[in-house]
Enquirer: 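One structure is given below, represented as structure tokens, and several questions about it will come after.
Hydrogens, waters and symmetry mates are skipped; everything else that's a heavy atom, side chains included, is used. Atoms within each ligand, like the ligands themselves, are counted from 1 in listed order.
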Amino acid sequence: MKAVRIHEFGGPEVLKFEDVPEPQLRKDQVLVQVKAVALNHLDLFIRKGLPGVKLPHINGSDVSGDIAQVGEYITDLKVGQRVLLAPMTFCNVCPACTRGEQNFCPQFSVLGYLNDGGNAELIAVPRVNVLPIPDDLTYDEAAAVPLVFLTAWHMLVSRCRVKPTDVVLVLGGGSGVGSAAIQVCKLFNARVIATAGDEAKLEQSRELGADDVINHYQQKISDEVKKITSKGMCDIVFEHVGKATWTESMKSLKPGGCLVTCGATTGPEANFDIRFLFARQLSFLGSFMGTMGDFHEVMKHIFSGKLKAVVDKSFPLREARAAHERLEKSEQFGKVILNP
Ligand SMILES: [Zn+2]
């Protein structure tokens, strides 16, 4: 089969479109013919070099496609069914997994990080990862949703219990996870202030439901939040940008407010005044992907059309390099897709 592999860490030039052996299907697995796979910042980080990645490696965490073959032990799925994949791996037998907290499993990881992912014509996964999709959801849309909506749902709903009276600041409304977060907040009727880096992304954030927008390159975020909320500030700040925005994010919270983060795209280290944390009684929450319960819950809203995939642009798999460059330059609004 054709796949994009990396044999060494480095720039976009290390992505090699080539022939690779087909995955060996276990009796408890499903083989999926990949139709679409979305890019995440993780793909860029893996390409540049992350510990634990065995080379050669196939990236790809967000996968949709058709079932090509089912293992002998699987009785409830058929060849030809259209599906998307839960974007994570876990053991499914440990105490964390069996109590439904898969993201606390000692073996929990993102699909396509420690194992081969979906930048290929075929991928073999455990039955638990496979979810049939409705006919009106395209493969590109299906690949655009799993990781970002799972992450945004876990952060806002499971961790922060977002509610209608909340004011939520969503950093990077144009990113995959940001565009998911805007929609999840609006599903709960919260008020959303979104930030983005250019006029087109600000407008697109509004179209997704953001009530107010801030240009994070031209405006000081906390000053704008102060104006927009008449000094009321935010109940929740949805972070994933990291170093570049951390101080402004923190200053945008009201006393008792909560900052929740799932990433540090611009850098992992931030300084803050500990007195600001305790005197204002803030909460800082870390969040990593989500549980299978979150996954099934948020996908129901996708399938009913209440939450929508945001597809930026799709590329043939052989053009993975151009797709990486687009994400790397932050040119996208929503998800960049590869089609094997
Ligand atoms: Zn486990």
Enquirer: Can a donor-acceptor pair be found between the side chains of E248 and S222 at a distance below 3.5 Å?
Expert: yes
Enquirer: Please name the residue in the list K186, R206, R191 that meets the side chain to side chain donor-acceptor pair (under 3.5 Å) test with D211.
Expert: K186
Enquirer: Consider side-chain contact (heavy atoms from CB on, under 4.5 Å). Of T261, V241, V237, which one does S249 pass it with?
Expert: V237
Enquirer: May I ask you to decide if the ring planes of F90 and F108 are parallel, tilted or perpendicular, using 30° and 60° as cut-offs?
Expert: parallel
Enquirer: Verify side-chain contact (heavy atoms from CB on, under 4.5 Å) between L327 and H41, making sure each step is shown before the conclusion.
Expert: CA-CA 8 Å; L327 182 61; H41 280 280; 4.0 Å; yes
Enquirer: Between T229, I228, D223, which is the residue that forms a side-chain contact (heavy atoms from CB on, under 4.5 Å) with V225?
Expert: T229
Enquirer: May I ask you to list the protein N, O or S atoms found at less than 2.8 Å from the Zn ion (ligand 1)?
Expert: C91 SG, C94 SG, C97 SG, C105 SG
